[in-house]
There are 2 protein chains.
Amino acid sequence: MEFEKIADILKALADPTRLKILSLLRIRDCCVCELVPIFNISQPAISKHVSRLKTAELVHETRKGQWVFYSINEKRLEEIGYALSHLPDLSEELRKLEQQGLTVTCE
Amino acid sequence: MEFEKIADILKALADPTRLKILSLLRIRDCCVCELVPIFNISQPAISKHVSRLKTAELVHETRKGQWVFYSINEKRLEEIGYALSHLPDLSEELRKLEQQGLTVTCE
DNA sequence: TATACAAATAACAATATGGTTATATGGTTT
DNA sequence: AAACCATATAACCATATTGTTATTTGTATA
């Protein structure tokens with residue numbers, strides 16, 4: 001996965017409210033109207049948070065009548081964990097640096 | 001680790017430039033003046049990025065003469081990987097929701 | 001001591017983020 | 001059809017983020 005893509009998914013994760021939503025979805029699927037009374041923020045705020053998680057493919061949605069239930073996408077979380085321990089290799093950049101004689105060699 | 005703390009570390013990670021810096025530090029320790037020619041941004045911008053990584057304890061710094069060398073803190077990265085797969089438990093919140101009769105039971 | 005280089009900090013600007021309230025949309029029920 | 005409820009979107013505001021240039025601080029050296 002590219003650096004920009006990894007950063008985008010991490011940005012979607014990097015918020016306490018969204019992390020809490022994911023933790024709740026680990027217990028069971030929830031709809032927005034269940035999440036609202038748990039947090040001290042408005043319904044549109046919750047709606048935007050889950051929307052951000054959906055864009056990052058960290059959750060899936062399923063409409064059931066008038067409700068929309070969100071479920072966690074554990075695969076995506078595993079992917080991001082893997083991406084962090086296997087970031088794209090930039091050794092070519094360091095090689096170019098050496099060719100340009102810009103390397104700092106200390107003592 | 002608390003949600004706010006995890007979110008803070010994820011915010012430090014959630015930027016392509018900082019992810020690239022970490023990838024470079026996986027190859028070898030680098031100083032700011034080596035990182036500058038690799039990226040298309042100014043020296044103060046790089047300095048602020050490594051400072052952000054340092055605050056999140058994702059890197060360590062060692063002064064060597066006039067240079068400051070940065071090294072990756074792999075332990076911290078492992079910690080955040082672990083934290084993502086073991087987020088704090090919020091089942092108590094769902095229990096309270098049920099007690100208040102706010103649970104949505106569908107079909 | 002004066003000069004030079006590396007790195008950090010200050011002050012600022014443009015954009016992104018995370019909240020609000022008001023309103024629109026989608027589906028259910030009377 | 002009308003009313004109702006859940007969710008999404010629009011418009012807006014305050015603050016955070018990420019870059020810039022100018023300046024300061026720390027260390028080495030002529």
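Values reported hereafter were calculated over all heavy atoms of this structure, with side chains retained and with hydrogens, waters and symmetry mates removed. Here is how names work: the chains are called A, B, and so on, in the same order as the sequence lines, proteins then strands, and each is numbered from 1.
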Atom-to-atom span, [atom1] of [X] to [atom2] of [N] - whole angstrom:
X	N	atom1	atom2	answer
A:Asp8	C:dA16	CG	P	12 Å
A:Glu4	D:dT18	CD	P	13 Å
A:Gln66	C:dT30	CD	P	11 Å
B:Lys64	D:dG26	NZ	C1'	18 Å
A:Ile46	D:dT9	CD1	C1'	16 Å
A:Phe69	C:dG26	CZ	P	20 Å
A:Ile41	C:dT20	CD1	P	6 Å
A:Arg52	D:dA8	CZ	P	16 Å

Quick one: is [X] getting a side-chain N or O under 4.0 Å of the [N] phosphate, OP1 or OP2?
X	N	answer
B:Ser42	D:dT20	yes
A:Tyr70	D:dA8	yes
A:Arg63	D:dA6	no

Touch class at under 4.0 angstrom, heavy-atom based, for A:Lys48 against every strand present: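 It contacts base atoms.
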Check: [Y] and [X] side chains under 4.5 Å, non-hydrogen atoms:
X	Y	answer
A:Asp89	B:Ser23	no
B:Arg26	B:Glu74	yes
B:Leu58	B:Asn73	no

Pairwise 5' ranking along DNA chain D for A:Lys11 and A:Val68, keeping only the more 5' one: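 Per heavy-atom nearest nucleotide, the more 5' residue is A:Val68.
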5′-ward residue of the pair B:Pro44/A:Cys33 relative to DNA chain D: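 Nearer the 5' end of the strand: A:Cys33.
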Base D:dA8 paired with A:Gln43 side chain (donor-acceptor, <3.5 Å):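 Checked by distance alone, the answer is yes.
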Donor-acceptor pair, side chain of A:Arg18 and main chain of A:Lys11, under 3.5 angstrom: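 Yes; judged by distance alone, with no hydrogens or angles, the pair exists.
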Options D:dA8, C:dA8, D:dT18, nucleotide nearest the side-chain atoms of B:His49: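 Minimum distance to the B:His49 side chain belongs to D:dT18.
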Side chain of B:Cys31 (C-beta onward), nearest among C:dA7, C:dG26, C:dG18: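 That would be C:dA7.
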N-O pairing of B:Glu79 and B:Lys5 below 4.0 Å: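 Salt bridge absent between B:Glu79 and B:Lys5.
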Pairwise 5' ranking along DNA chain C for A:Thr17 and B:Val32, keeping only the more 5' one: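 This one resolves to B:Val32.
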